[in-house]
Protein chains: 2
Amino acid sequence: MNVIRQHTDYALRLLVELGLAGEKVSAKRLSRSAKVSYYYTAKILQTLRGAGIVTSTMGKCGGFSLARPPREVSLATVVGAVQGPVRLNQCLMPVRPCQLRDRCPITGAMARVQKQLDDSLEAVTLADILEAQQAGVKRKHQNRRGT
Amino acid sequence: MNVIRQHTDYALRLLVELGLAGEKVSAKRLSRSAKVSYYYTAKILQTLRGAGIVTSTMGKCGGFSLARPPREVSLATVVGAVQGPVRLNQCLMPVRPCQLRDRCPITGAMARVQKQLDDSLEAVTLADILEAQQAGVKRKHQNRRGT
DNA sequence: TATATATAAGACTAAAATAGTCATACTTAG
DNA sequence: CTAAGTATGACTATTTTAGTCTTATATATA
């Protein structure tokens with residue numbers, strides 16, 4: 001089983017493309033460059049807009065762009081927005097916490113792992129991914145020149 | 001969505017009960033003390049046995065017990081045995097890794113988070129949970145004496 | 001040996017989550 | 001006014017999850 005769902009993965013791809021473009025891009029163009037179906041792209045972009053991660057302009061020549069600098073968009077933000085917060089187990093869900101929580105010896109250990117996971121997801125930002133992308137492209141070019 | 005599924009949570013409860021008992025216990029008794037349906041308990045115990053986490057003896061007076069000391073049973077072990085390894089996203093699945101992996105800028109970040117999650121799950125053992133349980137019981141008794 | 005009490009193995013079902021499509025309405029540049 | 005875009009939500013198929021139940025096998029003991 002995957003912690004990160006398919007559409008969250010798509011969301012990340014779309015955000016990477018948006019970040020690389022650095023300007024307003026239409027859903028259609030995004031769907032092509034990110035290799036995600038147009039309809040699904042449109043849907044995911046709506047979610048991202050609702051979460052304030054991207055902004056949109058309607059009408060002809062409309063499109064989407066990043067609402068904030070890539071450094072301020074963490075993995076935790078995107079995952080939380082698209083598929084909801086990742087909880088280790090039911091007891092740690094904000095709503096309806098386990099009744100036995102106080103007496104349960106497992107909760108403590110879980111909460112610690114949860115904290116570490118949260119921190120890990122918070123630590124990675126879209127900027128990191130974009131930098132990795134650019135480094136990758138650069139390396140590729142160097143390799144080309146090398147051969 | 002929860003990373004840890006219901007039956008994995010049950011498995012942990014069952015293992016805690018087994019650890020507390022410190023001796024062979026029947027599935028029926030375990031199902032009662034862990035508050036898990038008998039049938040489901042039996043099924044989960046089979047999985048745990050298959051993974052070598054518990055041992056069983058058949059027939060009348062049969063039952064289950066821990067196959068190893070609690071210190072050697074990590075959260076990662078239990079989770080992996082019951083619900084399969086936790087992967088952050090599809091690309092990181094051992095089988096059928098993403099075709100674009102080499103060129104994908106997201107994979108690197110994911111792999112790092114995955115590593116941290118693995119480490120977190122590996123770090124917690126059944127012994128930790130049992131100790132927490134005993135500490136909890138002790139504190140409760142102290143409170144009782146206090147009042 | 002008969003029987004009661006266990007585990008072993010897997011078929012089966014219902015409900016929920018996931019992934020994705022599509023139809024329709026609204027907005028705006030030209 | 002129309003072409004090119006976003007906005008919204010209904011709808012469906014598939015997969016996963018959770019859980020039950022049936023049947024078979026093993027063994028202690030009366």
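Throughout, protein chains are lettered first and strands after them, A, B, ... in sequence-line order, and every chain is numbered starting at 1. Not measured: the values here are computed from a predicted model.
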Chemist: Compare side-chain N and O positions of A/Ser37 against OP1 and OP2 of C/dT21 and report whether any pair is under 4.0 Å apart.
Modeler: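 Answer is yes, contact under 4.0 Å.
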
Chemist: A/Tyr38 has a side chain; which of D/dT20, C/dT21, D/dT6 sits nearest to it?
Modeler: D/dT6

Chemist: Looking at B/Pro105 and A/Ile129, what are the two nearest heavy atoms and their distance?
Modeler: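 Closest heavy-atom pair between B/Pro105 and A/Ile129: CB-O, 3.5 Å.
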
Chemist: Categorize A/Ala42 for me: base, sugar-phosphate, or nothing, with a 4.0 angstrom heavy-atom threshold over every strand shown.
Modeler: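 If one applies the 4.0 Å heavy-atom cut-off, A/Ala42 turns out to touch nothing in the nucleic acid.
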
Chemist: Any carboxylate oxygen within less than 4.0 angstrom of a Lys/Arg side-chain nitrogen, looking at B/Asp119 and B/Lys115?
Modeler: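 Looking at B/Asp119 and B/Lys115, the cut-off is met.
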
Chemist: In terms of side-chain heavy atoms of A/Ser56, which of D/dA7, D/dT20, C/dA6 is nearest?
Modeler: D/dA7

Chemist: Salt-bridged, B/Arg5 to B/Asp9, with N to O below 4.0 Å?
Modeler: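 So B/Arg5 does not pair with B/Asp9 through a salt bridge.
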
Chemist: Could you write out each protein N or O paired with an N or O of nucleotides 11-14 of chain C at a distance under 3.5 Å?
Modeler:
unit_1	atom_1	unit_2	atom_2	d
C/dA11	N6	B/Lys43	NZ	3.4

Chemist: In terms of side-chain geometry, is the basic nitrogen of B/Arg71 or B/Glu131 positioned less than 4.0 Å from the acidic oxygen of its partner?
Modeler: yes

Chemist: Below 3.5 Å is the cut-off: list the nitrogen or oxygen pairs between protein and nucleotides 28-30 of chain D, distance only.
Modeler:
none

Chemist: For A/Tyr38, does the six-membered ring have the charged nitrogen or CZ of A/Lys28 within the cation-pi criterion, i.e. under 6.0 angstrom from the centroid and within 45° of the normal?
Modeler: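 Judged by the rule, A/Lys28 and A/Tyr38 form a cation-pi pair.
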
Chemist: Distance check: side-chain N/O of A/Thr57 vs OP1/OP2 of D/dT6, anything under 4.0 Å?
Modeler: no

Chemist: Any side-chain N or O of A/Arg49 less than 4.0 Å from the OP1 or OP2 oxygen of D/dT8?
Modeler: yes

Chemist: Expressed in angstrom and rounded to an integer, what is the separation of A/Gln46 atom CD from C/dG20 atom C1'?
Modeler: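 Between C1' of C/dG20 and CD of A/Gln46: 16 Å.
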
Chemist: Any side-chain N or O of A/Gln6 under 4.0 Å from OP1/OP2 of C/dT18?
Modeler: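 Answer is no, no contact under 4.0 Å.
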
Chemist: Would you say A/Asn2 and B/Asn89 are linked by a side-chain donor-acceptor pair, where the criterion is simply a distance under 3.5 Å?
Modeler: no

Chemist: Should B/Tyr10 be listed as having a side-chain N or O under 4.0 Å from OP1 or OP2 of D/dA18?
Modeler: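 No, B/Tyr10 has no side-chain N/O under 4.0 Å of OP1/OP2 on D/dA18.
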
Chemist: Taking all non-hydrogen atoms of both residues into account, name the closest pair between A/Gln83 and A/Thr8 and its distance.
Modeler: OE1-OG1, 2.6 Å

